[in-house]
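Below you'll find the structure, written out as structure tokens, and then a few comments.
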Amino acid sequence: MESTAGHARADKLKARLAAMAESEPAGPRVAESPIRLVRAPGRVNLIGEYTDVNEGWVLPAAIDREVWIAFQPWHRPEVELTSLELDQTLSFSFEALTPEHVGARPWIDYIAGTAWAMREAGLPIRGFRGLLTSTIPVGSGLSSSAAVEMAASWALADSQAPRPSPSAMALIAQRAENAYMGVQCGIMDQFASAAGSSGQALLIDCRRNESSLVPIPAELSLVVCDTRAPRDRLDASAYNVRRAECELGARLIGEREPGVRALRDVDVAMFERHRHLLPDNVAQRCEHIVCEDGRVMATVEALRTGDLAALGRLFAASHASLRDLFQVSSKELDILVDIAAGVPGVVASRMTGAGFGGCTVSLVRKGAEDNLVEAVRRDYPARTGLTPLVYVVQAADGAGEMEA
Ligand code: ADP
Ligand code: MG
């Protein structure tokens with residue numbers, strides 16, 4: 001389902017691309033080819049934090065904040081793309097795609113990396129010129145990068161060739177981010193952007209790369225609050241330390257339990273039997289992961305049955321575990337959750353994403369969103385000295401091409 005606002009936006013973007021083509025000094029280079037339009041959403045994770053990198057389960061939703069690309073395919077093995085937000089046109093050639101690099105990558109490399117990963121996977125790709133625009137804030141934790149990659153995967157694809165499944169395409173885009181951009185991330189972001197569905201969350205099995213849709217009760221909105229707390233390089237190293245602690249835990253337990261390859265294979269009873277084998281910090285991290293997988297499943301059940309009280313308890317337990325056991329929360333995230341807890345109409349609230357800053361996600365009764373927006377805007381700056389950003393969003397469809 002596409003909104004009227006979405007259609008208006010699409011028409012504007014296409015008109016702008018058409019005007020650009022006509023105003024070129026050399027005349028319209030690709031005027032004969034029709035303008036096409038693809039979109040890909042950002043995402044927010046409802047529950048299941050750091051479980052993806054332990055081959056467990058996550059429960060994100062694609063959201064109605066999205067990246068759009070209007071484009072005209074052409075015969076050259078090249079992409080020329082203008083980002084409206086950055087007011088910048090960059091290009092790359094398919095002949096010069098290489099994952100080896102030093103230093104920072106420009107934004108166009110998210111598209112080049114996707115082209116590289118598609119070609120590596122044996123998919124035919126085609127050049128285009130186009131315009132990109134987005135309503136996903138950059139670096140807020142709503143995964144603008146995955147949305148850029150997924151939109152690019154639609155624009156680059158040869159429309160005559162069969163398209164891989166959303167999960168297969170997500171793996172390809174993840175490879176672009178991991179191997180080409182050099183950014184470590186699990187499969188969740190690309191998967192949610194590829195396979196989301198309006199009004200639904202997506203339960204992803206991160207070992208099998210399979211998903212199923214879970215309806216979000218129609219009475220609920222999603223509200224994302226960005227702490228706007230500065231992040232530093234420590235965060236990236238802490239992320240890697242957490243991953244290593246989890247892997248060590250899985251290995252130590254696996255020495256006694258032959259079926260264990262990852263913490264995904266450990267249930268609470270098994271963990272309790274072997275807790276004494278683990279260094280204290282490792283035991284804490286493992287306890288979080290093992291229980292968080294259970295909370296993901298319980299949240300799916302609570303969404304299906306509309307048990308709002310259970311959602312509140314599960315989100316609270318997840319947040320407390322990330323704060324006390326996994327130790328990736330921050331003062332600012334805790335304050336946002338504390339503010340939300342006192343707001344009428346807020347059903348559930350927790351930190352979301354890798355932590356150390358970033359965002360919280362709250363489930364809020366429709367009509368009560370402004371209560372939370374106002375409470376956060378009023379109380380958060382006084383308690384932190386920071387200005388928050390708040391987004392009221394709804395679960396949206398995954399990436400795809402818009403009908404002409
Ligand atoms: P996020 O959490 O939003 O995914 P990342 O740092 O992973 O943050 O990705 C953000 C990057 O994605 C930007 O630095 C830029 O390279 C690219 N990007 C996102 N939105 C746009 C846009 N509208 N135009 C150009 N590049 C974009
Ligand atoms: Mg990103």
Side-chain angles (χ1 to χ4, degrees), residues 9 12-13 16-17 37-45 49 52-53 58 60-71 79-92 101 103-115 117 128-153 155-156 170 173-194 196 224-233 235-236 239 333 351-361 389 391 393 399:
R9 189 179 182 89
K12 249 167 100 176
L13 198 63
R16 217 161 140 173
L17 185 61
L37 193 72
V38 291
R39 58 166 279 286
R43 65 94 190 95
V44 62
N45 191 25
E49 228 56 80
D52 57 341
V53 291
V58 290
I63 57 172
D64 54 356
R65 291 273 178 156
E66 45 205 9
V67 166
W68 300 70
I69 299 177
F71 66 101
V79 168
E80 182 189 290
L81 190 60
T82 302
S83 163
L84 293 189
E85 282 69 45
L86 300 176
D87 191 21
Q88 189 180 45
T89 302
L90 294 175
S91 58
F92 66 89
H101 66 283
R105 289 278 203 177
W107 63 270
I108 193 75
D109 278 2
Y110 283 101
I111 292 95
T114 305
F128 65 84
R129 61 112 56 152
L131 283 178
L132 179 152
T133 187
S134 168
T135 52
I136 309 173
V138 168
S140 244
L142 298 178
S143 217
S144 66
S145 60
V148 168
E149 290 151 10
M150 291 318 305
S153 79
L156 287 160
Q174 184 202 13
R175 182 144 191 242
E177 185 130 357
N178 291 169
Y180 202 92
M181 300 306 290
V183 177
Q184 287 317 307
C185 62
I187 188 62
M188 169 169 61
D189 304 355
Q190 290 80 7
F191 206 135
S193 183
V224 177
C225 300
D226 184 348
T227 59
R228 309 276 285 153
R231 307 172 103 158
D232 54 35
R233 267 170 294 127
D235 307 344
Y239 174 85
L333 288 165
M351 60 158 278
T352 182
F356 309 106
C359 301
T360 62
V361 61
L389 286 173
Y391 310 99
V393 298

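Whatever order the structure lists them in is the order used to number ligands and atoms, beginning at 1. For reference, positions follow the sequence shown, starting with 1.
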Is there side-chain contact between [X] and [Y], with heavy atoms separated by less than 4.5 Å?
| X | Y | result |
| --- | --- | --- |
| Pro60 | Val44 | no |
| Ile111 | Val148 | yes |
| Ser134 | Glu66 | no |

Give the atoms of ligand 1, by number and element, whose distance to some non-hydrogen atom of [X] is under 4.0 Å.
| X | answer |
| --- | --- |
| Gly139 | 1 (P), 2 (O), 3 (O), 8 (O) |
| Glu85 | 23 (N) |
| Gly141 | 2 (O) |
| Leu132 | 22 (C), 23 (N), 24 (N) |

What distance do [X] atom [atom1] and [Y] atom [atom2] have between them, rounded to the nearest 0.5 Å?
| X | Y | atom1 | atom2 | value |
| --- | --- | --- | --- | --- |
| Thr89 | Leu81 | OG1 | CG | 8.0 Å |
| Arg105 | Tyr180 | CZ | OH | 4.5 Å |
| Phe71 | Leu13 | CZ | CG | 11.5 Å |
| Gln88 | Leu132 | CD | CG | 12.0 Å |
| Trp107 | Ser144 | CH2 | OG | 12.5 Å |
| Ile136 | Arg43 | CD1 | CZ | 10.0 Å |

If we only count N/O pairs under 3.5 Å, is Ser134 in contact with ligand 1? no
Could an N or O of ligand 1 be found under 3.5 Å from any N or O of Ser144, whether backbone or side chain? yes
For [atom], grab the closest protein heavy atom and report residue, atom and distance to one decimal in Å.
| atom | result |
| --- | --- |
| atom 9 (O) of ligand 1 | Ser145 CB, 3.3 Å |
| atom 11 (C) of ligand 1 | Tyr110 CE1, 3.7 Å |
| atom 26 (N) of ligand 1 | Trp107 CB, 3.4 Å |
| atom 20 (N) of ligand 1 | Val138 CG2, 3.5 Å |
| atom 24 (N) of ligand 1 | Ser83 OG, 2.8 Å |

Please work out which of Thr133, Val148, Val67 has its closest non-hydrogen atom nearest to atom 27 (C) of ligand 1. Val148
Quick one: does ligand 1 sit under 4.0 Å from the side chain of Leu86, the backbone, both or neither, non-hydrogen atoms only? side chain
Contact check: Ser144 to the Mg ion (ligand 2), N/O/S below 2.8 Å: no
